[in-house]
Amino acid sequence: MSERNPLLSGRPLRSPDARLDATAAVDSGHPDARAEQLVKGGVDWFADLDRQVDQTVMTSNVSKHYRMGEQIIKALDDVTVNIAAGEYISIMGPSGSGKTTLFNCIGGLTKPTSGNVFIDEIDVAQLDANELAWLRCRKIGYIFQSYNIIKVMTALENVTLPMLFAGLPGDEAQDRGVEILGRVGLGDRLLHTPKELSGGQQQRVAIARAFANRPAIILADEPTANLDLKTGEEIIMLMKEMNREQGVTVICSTHDHKMLAQSDRIIWMEDGRIKRIADRDEVKITVSQMSDHQ
Amino acid sequence: MEKAEWQIGELRLRADLVWALAMSSLKVRMGRAFITGLTIATTTAFMMYLLTMPYADPNAPFHDGVAGMMGLRTDRDAGEVQGFLLMFVMALLVAAAGVLNTMLMNVSQRYREIGTIKCLGGLDRLILFSVLVEAALLGLVGAGLGVIIGLAISLLLSVADYGGAFWSHVGFGGLPLKVIFVLLIGMGLTTLGAAIPAQIAAKMPPIEAMRGEK
Ligand SMILES: Nc1ncnc2c1ncn2[C@@H]1O[C@H](COP(=O)(O)OP(=O)(O)OP(=O)(O)O)[C@@H](O)[C@H]1O
Ligand SMILES: [Mg+2]
């Protein structure tokens with residue numbers, strides 16, 4: 001491929017067998033290669049996350065209120081929930097019940113009006129700006145309901161960006177970006193910008209980006225809403241695989257009852273509150289009842 | 001419950017990433033950058049013209065040393081010096097208003113992008129510095145263009161006024177300082193205009209930044 005990726009110093013995209021050239025560049029002291037060596041500094045980038053510990057997500061009386069003129073909207077109202085490491089949680093609830101707001105609070109993307117969020121027993125509110133950035137970058141992978149992919153960047157740039165933030169050298173980030181985009185079925189759309197992609201393809205860019213830094217926690221806000229059944233199932237299976245094999249904690253909101261089969265527990269929300277929490281086994285009955293209704 | 005071993009790590013600011021983000025941002029918003037550059041160029045061109053126009057008094061603040069490029073006519077009085085100063089201050093104000101406004105708009109429209117970058121773990125400083133580098137580059141190029149245009153107008157008018165005799169009388173000793181002075185004003189205004197909204201956006205929690213809420 002001869003097209004270029006401006007974010008990655010305009011280096012042409014490399015196929016895996018071009019690796020030898022890169023090694024040669026390091027040896028010959030090519031400035032780009034040297035800069036990358038400096039940045040890399042011989043650290044194993046994902047070593048600290050390979051050590052799987054009992055991280056948890058815990059919210060304690062988390063509320064988020066929005067003031068709309070005279071009215072106060074309780075997007076979240078006193079939510080207390082405890083999620084263990086390696087759990088696969090599904091969150092269900094009608095539109096406006098506060099699922100996205102809960103995700104934003106858990107992910108340290110917004111400050112709760114009151115209450116605390118703990119990640120691995122660390123109070124997120126106590127973190128300084130750099131630590132928060134680290135948490136968002138390395139610890140948590142977000143799949144946003146509205147994708148939030150950067151409009152002016154290509155699919156590949158969107159996916160490599162968090163890896164560059166994490167300190168990965170440009171070449172490695174690019175190779176890994178190509179690999180992950182291939183996994184979500186976008187191997188032939190690497191250099192497309194969001195407006196050249198369909199809704200479902202944008203969603204898959206968002207999914208690939210969330211997986212980029214091998215996060216310990218994945219917050220997936222209706223990740224399959226715009227995907228066809230087959231692609232949707234593939235994405236869910238991908239998350240389930242990461243959950244099972246690498247112990248990644250998955251918290252996933254959905255309107256689709258078929259997705260519940262993968263989850264360990266299901267949380268129902270309503271009007272900013274948790275209405276019910278149930279294990280999968282308890283829910284089997286409910287699910288069949290629901291499908292009877294339809 | 002066992003105490004978690006996991007510890008919060010630290011992200012480092014990468015100069016290469018600051019530069020890459022600034023360049024990619026300039027590249028994808030070429031049209032906007034062009035218009036911003038033109039605003040800077042026209043306002044700095046006017047300043048440059050004022051500093052080098054042929055009838056600036058040798059006693060005027062920007063003559064000899066700081067200025068002193070021209071000075072063919074020495075029959076100017078204090079009133080004209082004041083007039084010159086007033087013009088220059090006005091040019092500065094026009095430049096400040098135009099450039100600050102353009103840069104404020106420019107960066108404010110990127111709150112969503114800035115919020116997204118924060119969501120992905122971009123450091124506040126990465127956002128701030130990349131916007132500043134981008135603005136400073138724009139300022140440098142725009143003001144560079146302005147200097148050339150202003151100087152060209154100044155020289156053209158001088159030649160028109162004094163004909164060929166002009167070249168034998170004029171001295172260019174003060175020119176470098178004037179050029180640097182105008183370039184610094186151009187870069188200073190663009191960076192300032194970008195720094196304010198960028199700093200505000202970089203400090204906001206990401207979701208609020210994406211909504212562009214103050
Ligand atoms: N910035 C905001 N300002 C005011 N109200 C807000 C804001 N964000 C969310 N809300 C309100 O908070 C409530 C919860 O919103 P949220 O987006 O969390 O719902 P949701 O469960 O994700 O819904 P959906 O399934 O439609 O995505 C809604 O009533 C919404 O109107
Ligand atoms: Mg939502």
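The basis for the numbers below is simple: all heavy atoms, side chains too, and nothing from hydrogens, waters or symmetry mates. Below, read A as the first sequence line, B as the second, and so on, with proteins coming before strands; counting in each chain starts at 1.
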Which distance, rounded to the nearest 0.5 Å, do you find between the CD1 of Ile117(B) and the CG of Asn148(A)? 12.0 Å

Rounded distance (nearest 0.5 Å) linking atom OG1 of Thr116(B) with atom CZ of Arg209(A): 7.0 Å

Please find the pair of heavy atoms, one from Gly122(B) and one from Ala133(A), that lie closest to each other, and give the distance. O-CB, 4.3 Å

How far apart are the closest heavy atoms of Cys137(A) and Gly121(B), and which atoms are they? CB-CA, 3.7 Å

Taken to the nearest 0.5 Å, the spacing of Leu164(A) CG from Asp16(B) CG works out to 8.0 Å

Side chain, backbone, both or neither: which part of Ile140(A) has a non-hydrogen atom closer than 4.5 Å to chain B? neither

Would you say Glu10(B) and Asp128(A) make side-chain contact, with heavy atoms under 4.5 Å? no

On a heavy-atom basis, the closest approach of Gly108(A) and Pro206(B) is O-CD, 4.4 Å

With no hydrogens and no angle check, is any side-chain donor or acceptor of Arg12(B) less than 3.5 Å from a backbone partner on Gly167(A)? no

Nearest heavy-atom neighbours spanning Ser24(B) and Met153(A): OG-CE, 4.5 Å

Check Cys119(B) against Tyr142(A) and note the closest heavy-atom contact, atom names and distance. O-CE1, 3.3 Å

Would you say that Leu161(A) contacts Leu21(B) through its side chain, given a criterion of any heavy-atom pair below 4.5 Å between the two side chains? yes

To the nearest 0.5 Å, what is the distance between CG on Leu120(B) and CG on Asn213(A)? 9.0 Å

Only pairs of heavy atoms separated by less than 4.5 Å count here; which of Leu13(B), Leu126(B), Val28(B), Asp124(B) has the most with chain A? Val28(B)

If I take atom CZ from residue Arg14(B) and atom CG from residue Leu168(A), how far apart are they, to the nearest 0.5 angstrom? 7.5 Å

Rounded to the nearest 0.5 Å, how far does NZ of Lys111(A) lie from CD1 of Ile207(B)? 13.0 Å

Is the shortest heavy-atom distance from the side chain of Leu109(A) to the side chain of Lys118(B) under 4.5 Å? no

From the list Thr110(A), Thr193(A), Asn130(A), the residue making the most non-hydrogen contacts under 4.5 Å with chain B is Asn130(A)

